[in-house]
Number of protein chains: 2
Amino acid sequence: MGMFWRDGYKATSVGDIVRETGLNTASMYKEFVDKDGLFLETLKHYRGHVIKPRYEMLRDNPNIAGVEAFIGSVMTGAARSEYKGCLMMNHLSQKHVIGPDAVQEIGAFCSELESLIETALINAQRDGDIGPDKDPAVLASFVVFCVHGAVLYGRHYEKKRMIPNLYDVVMGALRG
Amino acid sequence: MGMFWRDGYKATSVGDIVRETGLNTASMYKEFVDKDGLFLETLKHYRGHVIKPRYEMLRDNPNIAGVEAFIGSVMTGAARSEYKGCLMMNHLSQKHVIGPDAVQEIGAFCSELESLIETALINAQRDGDIGPDKDPAVLASFVVFCVHGAVLYGRHYEKKRMIPNLYDVVMGALRG
DNA sequence: CAAATTATAAAACAAAAATTTTAAAACATC
DNA sequence: GATGTTTTAAAATTTTTGTTTTATAATTTG
């Protein structure tokens, strides 16, 4: 997973993977059929084990606090020097290259995030934390859009010092 | 350029390139040394011929109108169904894979954009189009951050109908 | 514990990719 | 127009990659 995450599907060879994991080549092929299958399972593992815990803050606090915490954690991650982006979103620029199942998994992943945020924003609006004139669906899109931004922007080693300020701008845009 | 743009460096083979361009393999290697060299020249060509014209609106109108027009054109592009993102930014998630010269070129490209935007925003502030409490440098970063967002977000075939609304949110965040 | 199944290491294969070579064709120069 | 240089087409070479096979070792099952 780490190699797909850091280098992307195409630049990670099966040889690299078996060397790194110590997995047996034949067993690997028996289990996952081919490189595509392995990649797909990697995406599922990522979603279940890496991302799911990070969604907890949104599920536990489906309101402005949850959204704030989530965006904060994304931005903090993006500001780290070893930041690798998001395994899923990293591959959006390579949709032709990965299989259709993987493309679909990535889409579902982003939609899930968007709907979690939307729920939280609807509650935030009810709580008076975002203005009544705002459309929670649009703002949820905007948040996901910004997560995409962070995933790419965080790859610039320089520019990182600006990220805390970006967090403020994004939150300001939400609150309105 | 189109192939690198659509599929990325690693998924575009030299064989594909000579087939598509009709270029002779030996001539190509004589001219560009290797695939890395060809890619680097492709990036420079992209910057000079694809991007430079799109920066005109910022150079001609270094003010809120220029910024608005630029962001508008990015968002409109991202909403197209055949959207390929940005040749440069697409490769941010593959910095290990492309050569160091290419990485540097991408960084310079993004910095140039950021400074053009900053100049325009400084003027916009002078014109009273953005509040005196805002920091143009931060907002310029935010714009570049949003361009990164658009580059990835525009890869979702669904979700495109939301992009006009995102444009409004981004401009709203600028104006404050 | 013997028989059947499964896992593993290692080598083998096949296809694709990047790059180089070779020899003929085109071009430029004197 | 002969001579030297550059370009081109085609095949050859070298790596790398994805995948399969084979033979041996380990594990499970009856």
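Convention: sequence-line order gives letters A, B, ...; per-chain numbering from 1. If you're wondering where the values come from, they're calculated on a predicted model, not measured in any experiment.
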Tell me whether A:Arg175 is salt-bridged to A:Glu68, with the criterion being a basic N under 4.0 Å from an acidic carboxylate O. yes

Should the ring pair A:Tyr55 and A:Phe109 be called parallel, tilted or perpendicular, given that the plane angle runs from 0 to 90° and is split at 30 and 60? parallel

Relative to the ring of B:His49, is the ring of B:His45 parallel (under 30°), tilted (30 to 60°) or perpendicular (over 60°)? parallel

Over how many whole Å does the gap from A:Tyr29 atom OH to C:dC13 atom P extend? 17 Å

Could you check how far CE of B:Met28 sits from P of C:dA17, rounded to whole Å? 13 Å

Criterion side-chain contact (heavy atoms from CB on, under 4.5 Å) on A:Tyr46 and A:Trp5, from CA distance to verdict: CA-CA 10 Å; A:Tyr46 175 82; A:Trp5 196 346; 3.7 Å; yes

DNA chain D: A:Lys10 or B:Leu23, which has the more 5' nearest nucleotide? B:Leu23

Donor-acceptor pair between B:Ser111 and A:Lys159 side chains, under 3.5 angstrom: yes

What pairs of donor and acceptor atoms, side-chain ones from residues 72-85 of chain B against any protein atom, are under 3.5 angstrom apart with sequence neighbours left out?
| unit_1 | atom_1 | unit_2 | atom_2 | d |
| --- | --- | --- | --- | --- |
| B:Ser73 | OG | B:Arg54 | NH2 | 3.0 |
| B:Ser73 | OG | B:Phe70 | O | 3.0 |
| B:Thr76 | OG1 | B:Gly72 | O | 2.7 |

Chain B footprint on DNA chain D, 5' to 3' - any atom under 4.0 Å from a heavy atom: D:dT8 to D:dA9

DNA chain C: 5'-proximal contact among A:Lys30 and A:Thr25 (nearest heavy atom): A:Lys30

Residue-phosphate contact under 4.0 Å: A:Asn24 side-chain N/O, C:dA7 OP1/OP2: no

